[in-house]
Amino acid sequence: MGENVPRYFFNAYDGSASIDNEGTELADLKSAKVEAVLRASNLLKNYAKSIADGEDWHLEAVNVSGLILFRIDILVTDAPVSRPDPLMKR
């Protein structure tokens, strides 16, 4: 794009880190948020089972200085009613 176009880096964490070392030039923060959601949707498709099993997952967008600009968190949490009753195991 150009010299004044910001570069955003999208790092994914799912028990291990997947660091974006190249980054992507995007017009502005709103464009970076859209890009992050698109990337997250692809990762959700690929890792749906582990996320559904309760594995914590998040994606951070950082600038060239490493400052975290925003984060997308994905976590499936069972409601108490769907958890096994510990008293029933006796």
Side-chain angles (χ1 to χ4, degrees):
M1 282 187 162
E3 285 184 31
N4 296 325
V5 178
R7 183 172 292 272
Y8 299 90
F9 300 83
F10 301 95
N11 303 322
Y13 300 90
D14 61 350
S16 63
S18 177
I19 304 299
D20 177 4
N21 292 314
E22 293 182 28
T24 303
E25 288 185 342
L26 296 163
D28 53 25
L29 186 61
K30 183 174 182 177
S31 299
K33 287 180 180 179
V34 170
E35 178 67 20
V37 169
L38 291 171
R39 288 177 185 228
S41 70
N42 286 330
L43 290 169
L44 285 170
K45 283 186 227 175
N46 294 332
Y47 298 100
K49 183 173 179 353
S50 61
I51 292 169
D53 287 342
E55 184 176 292
D56 187 12
W57 180 92
H58 67 274
L59 183 138
E60 294 175 344
V62 301
N63 66 11
V64 294
S65 300
L67 178 68
I68 298 171
L69 302 172
F70 62 88
R71 176 175 156 154
I72 297 173
D73 291 288
I74 305 292
L75 177 63
V76 176
T77 304
D78 292 332
V81 70
S82 67
R83 294 182 192 139
D85 185 347
L87 298 176
M88 298 299 288
K89 292 183 180 181
R90 293 182 181 183

Separation of Arg39 CZ from Thr24 OG1 (nearest 0.5 Å):
4.0 Å
Quick one: list whatever passes side-chain hydrogen bond (donor to acceptor under 3.5 Å, both in side chains) with Ser31, sequence neighbours left out.
Asp28
Tell me whether Asp73 contacts the main-chain N or O of His58 through its side chain, where contact means a donor paired with an acceptor under 3.5 Å.
no
Can you hop from Val37 to Leu43 via hydrophobic side chains spaced under 4.5 Å?
yes
Common cluster, Val34/Leu69, ILVMFWY with side-chain heavy-atom separation under 4.5 Å:
no
What closest approach, in Å, do Arg7 and Glu22 show between heavy atoms, and which atom pair accounts for it?
NH1-O, 2.8 Å
In short, Leu44 meets Ile74 closest at the heavy-atom pair CD2-CG2, 3.8 Å
Here the pair of heavy atoms bringing Leu29 nearest to Tyr8 is N-OH, 3.2 Å
Nearest 0.5 Å, please: how far is CG in Leu67 from CD in Glu60?
10.5 Å
What heavy-atom pair brings Val5 and Ala27 nearest, and what distance separates the two atoms?
CG1-N, 4.4 Å
Between Ile72 and Ala40, the two heavy atoms sitting closest are CD1-CB, 4.3 Å
Considering only residues two or more places apart or on different chains, which pairs with a residue in residues 18-57 satisfy ring pair (Phe, Tyr, Trp, His ring centres under 6.0 Å)?
none
For the pair Ile19 and Tyr13, evaluate side-chain contact (heavy atoms from CB on, under 4.5 Å) and give the outcome as yes or no after the intermediate values.
CA-CA 8 Å; Ile19 304 299; Tyr13 300 90; 3.6 Å; yes
Apart from Val62 itself, members of its ILVMFWY cluster (side-chain separation under 4.5 Å) are Phe9, Val64, Ile68
Compare every heavy atom of Ala36 with every heavy atom of Leu59, then report the nearest pair and how far apart it is.
CD2-CB, 3.8 Å
Got Lys33 and Phe70 here, is their nearest side-chain heavy-atom distance under 4.5 Å?
yes
